[in-house]
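All remarks here apply to the structure that follows.
Basis for what follows: all heavy atoms, side chains included, without hydrogens, waters or symmetry-related copies.
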2 protein chains.
Amino acid sequence: MAKATIDDVAALAGVSMKTVSRVVNNEPNVRASTREKVQAAINELDYRPSQSARSLAANRSYVLGLLYDNPSANYVIDVQEGALQTCRRAGYDLLIHPCRHTEPELADEVLALVRQGRVDGLILTPPVSDMTELVDGLVSAGVPFVRLSPTENKSACPYVQTNDQEAAYDMTCRLLELGHKRIGFIAGHPDHKAVAERYQGYLAALKESRIKPSPELVAQGYNSFDSGRECAKVLLDLPEPPSAIFASNDDMAAGVIKEAHHRRLSIPGALSVAGFDDTPVAHQIYPSLTTVSQPIEEMASKAAELLIKQLKGKAVQMPAAIMSCRILVRESTGEVYS
Amino acid sequence: MAKATIDDVAALAGVSMKTVSRVVNNEPNVRASTREKVQAAINELDYRPSQSARSLAANRSYVLGLLYDNPSANYVIDVQEGALQTCRRAGYDLLIHPCRHTEPELADEVLALVRQGRVDGLILTPPVSDMTELVDGLVSAGVPFVRLSPTENKSACPYVQTNDQEAAYDMTCRLLELGHKRIGFIAGHPDHKAVAERYQGYLAALKESRIKPSPELVAQGYNSFDSGRECAKVLLDLPEPPSAIFASNDDMAAGVIKEAHHRRLSIPGALSVAGFDDTPVAHQIYPSLTTVSQPIEEMASKAAELLIKQLKGKAVQMPAAIMSCRILVRESTGEVYS
DNA sequence: AAGGAAGCTGACAGCGCTGTCAGCTTCCTT
DNA sequence: AAGGAAGCTGACAGCGCTGTCAGCTTCCTT
């Protein structure tokens with residue numbers, strides 16, 4: 001039995017193929033009895049619309065593109081899952097497109113995807129979401145897109161973000177409440193602006209407590225475990241080392257914990273450690289890591305939703321969605337030892 | 001400027017659109033001078049072939065589907081990366097399709113993808129690669145597919161796997177060489193047959209050393225960190241606990257290490273721990289985990305290669321590729337304390 | 001130099017849908 | 001009961017490519 005086409009279904013149901021098309025696409029203005037007749041024919045022939053024919057005729061692919069750098073980052077899989085949830089509900093597919101955010105031809109590379117009709121719209125995740133040239137290119141090409149956690153040019157497109165600076169502020173406050181006065185901070189990769197800006201939350205909390213920030217307590221990390229460990233070495237080698245270290249992400253915090261183990265520093269007895277992201281390692285490590293959980297899946301799901309709304313031509317009523325982080329206090333933080 | 005079509009290019013170059021098509025698709029039998037003329041026109045118009053038109057006309061999507069369960073497993077991202085490498089070289093896209101391997105309608109769900117022309121072929125990862133009904137369904141529908149680490153019905157399609165039972169054997173031998181006599185084993189999820197069968201390697205090594213396997217030293221895990229920790233509790237509570245524990249994957253091994261920390265058992269002083277997979281946590285944990293590294297990316301890249309070869313109608317000369325694991329000795333294993 | 005093979009090129013149909021628009025039918029309003 | 005609006009349906013063109021096949025050109029062999 002050859003694959004059934006829309007014509008076969010139309011013939012069997014005794015209607016035009018346009019009516020079959022209406023039924024398949026859940027369009028209005030089909031009499032209930034007609035709809036049933038068509039549906040019966042579809043079932044009998046086990047008809048599956050050809051994706052490529054639909055795409056060609058309708059001039060859209062029903063595919064969203066997901067751009068990300070650094071696939072090893074734990075959030076990538078969560079972003080994929082969240083975006084896929086919405087995609088499935090809406091009949092879209094998701095095309096993953098890892099890329100290098102530093103690639104000079106990035107804008108061309110991405111625009112090609114759109115111009116070939118491979119995707120109808122794009123979701124950009126950090127740090128790609130902050131690449132100005134790409135964002136501008138998409139805007140001027142009229143490509144629909146949505147960003148996760150952008151930090152610049154926020155009016156360019158709808159976006160979804162968290163209150164993560166506020167969470168960094170809260171986390172720092174908690175450490176202060178535990179009696180820590182010298183709190184080390186490991187900053188995120190400068191290209192990952194959303195991560196890098198968590199530093200502002202740290203600063204704000206110190207300021208509120210009238211503690212003068214010491215530059216030597218701030219180390220520049222690059223989001224990786226190894227960079228976190230290097231920063232920990234520097235901070236712990238200070239003449240007057242910090243009693244707590246707050247790292248801008250969990251991988252770096254894991255590096256701190258590793259270094260502390262090697263120095264036989266007990267955690268949280270001699271050193272409190274806090275991270276950010278609640279990656280799997282945060283829970284698996286010993287001691288388990290106090291960290292901040294972001295609703296990545298929901299953010300991505302929401303982003304896909306905003307994008308699909310745009311594609312349907314509906315004005316996106318809520319161009320920005322702000323979601324809340326949650327602080328998870330676990331074993332790695334405690335009162336300062338006095 | 002409207003999007004250029006193949007007709008525009010043909011007109012500008014003064015050739016038929018069929019010739020443009022030949023140039024775009026790198027087909028033979030085009031005179032070099034013609035090819036240049038066409039290429040110049042393509043460049044001038046910045047022509048991008050419409051993916052959907054190609055798909056409709058050629059009756060193929062130029063998309064591979066990747067099936068996996070349990071997206072949180074660390075290998076998923078590596079599989080994606082490896083498959084994408086090959087896809088990009090070959091001009092294919094990759095469609096990710098997470099699914100539940102226990103879903104009764106799985107075969108229908110997947111066949112629909114193919115029948116709608118969304119994908120030309122499929123890559124199945126464990127545990128999906130061992131779902132008999134799906135595999136049979138694909139075979140009888142004539143769908144091209146390739147499996148990673150299948151354990152059953154291996155003649156159904158080309159596949160890629162590692163010598164992981166051998167690696168489990170080797171790892172067990174190393175523990176024996178370190179003087180361990182009572183080696184606990186945490187078995188993998190029974191549905192993940194490739195993981196579950198690592199147990200055979202453990203058994204073989206014991207047998208070779210003429211050590212009688214004790215059933216109480218084998219715990220049934222389910223691949224998760226928490227299941228590993230539960231198994232560790234059982235094993236460490238034995239009247240005569242093991243001096244080493246070999247877990248079938250790193251997440252479970254991390255659970256063992258966590259439990260050991262809580263019991264103040266020094267690693268590897270009082271307990272040696274070995275894992276399998278070399279996930280990021282293996283390196284980040286303290287002490288770092290002795291484990292087995294599998295070339296997941298290369299396997300997936302190879303799988304995509306075999307699949308694309310099939311799609312091109314070339315007989316796949318090498319229907320099975322076996323790749324080698326590598327044992328990584330780190331800090332979590334040592335000589336038995338006597 | 002002749003003849004066949006190989007190289008090169010284009011005409012044309014058709015892949016299987018959706019968008020547009022016309023027109024008929026049914027319903028609602030007064 | 002009449003007339004207009006809304007609901008419903010189908011004819012037809014066309015989306016932009018590739019496959020097939022015919023036929024012309026060039027090259028090679030003897």
Which ranges of DNA chain C pair up as stems, where a stem means three or more consecutive Watson-Crick or G-U pairs with both distances under 3.5 Å?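 Ordered by first number, the stems with DNA chain C (at least 3 consecutive pairs each) read C:1-30 with D:1-30.
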Which of these passes side-chain contact (heavy atoms from CB on, under 4.5 Å) with B/V38: B/V15, B/V24, B/L12?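 Running side-chain contact (heavy atoms from CB on, under 4.5 Å) over B/V15, B/V24, B/L12 with B/V38 returns exactly one hit, B/V15.
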Can you sort out which residues in residues 17-30 of chain A have a heavy atom within less than 4.0 Å of DNA chain C? Ascending by number, please.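 Those residues are A/M17, A/K18, A/S21, A/N25.
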Measure the [atom1]-[atom2] distance between [X] and [Y] for me, rounded to the nearest 0.5 Å.
X	Y	atom1	atom2	result
A/E133	A/E103	CD	CD	10.5 Å
B/C99	B/L66	SG	CG	9.5 Å
A/I123	A/L148	CD1	CG	7.0 Å

Would you call A/K3 and A/D8 a salt bridge, using N to O less than 4.0 angstrom? no
A/R115/B/D46 salt bridge by N-O under 4.0 Å criterion: yes
May I ask you to say what B/T34 touches in the nucleic acid, namely base, sugar-phosphate or nothing, with a heavy-atom cut-off under 4.0 Å?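 It contacts sugar-phosphate atoms only.
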Qualifying salt bridge (charged side-chain N to carboxylate O under 4.0 Å, His left out) pairs with a residue from residues 140-163 of chain A, counting only residues at least two apart or across chains: A/E152-A/K193
Tell me the salt bridge (charged side-chain N to carboxylate O under 4.0 Å, His left out) pairs involving residues 62-76 of chain B, sequence neighbours left out?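 Matches after skipping sequence neighbours: B/D69-B/R100.
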Could you give the side-chain donor-acceptor pairs of residues 53-60 of chain A under 3.5 Å, partners two or more places apart or in another chain?
unit_1 : atom_1 : unit_2 : atom_2 : d
A/R54  : NH2    : A/N25  : OD1    : 2.6
A/S55  : OG     : A/Q51  : O      : 2.8
A/S55  : OG     : A/R60  : O      : 3.3

Nucleotides bounding contact with chain A, strand DNA chain C, heavy-atom threshold 4.0 Å: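 For DNA chain C, the relevant span reads C/dG16 to C/dT20.
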Residue met sooner reading DNA chain C from 5', once B/S33 and A/P49 are mapped to nucleotides: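 The residue closer to the strand's 5' end, by nearest nucleotide, is B/S33.
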Hey, can you tell me if A/H101 and A/H189 have their rings parallel, tilted or perpendicular (30° and 60° cut-offs)?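 It falls in the perpendicular class, over 60°.
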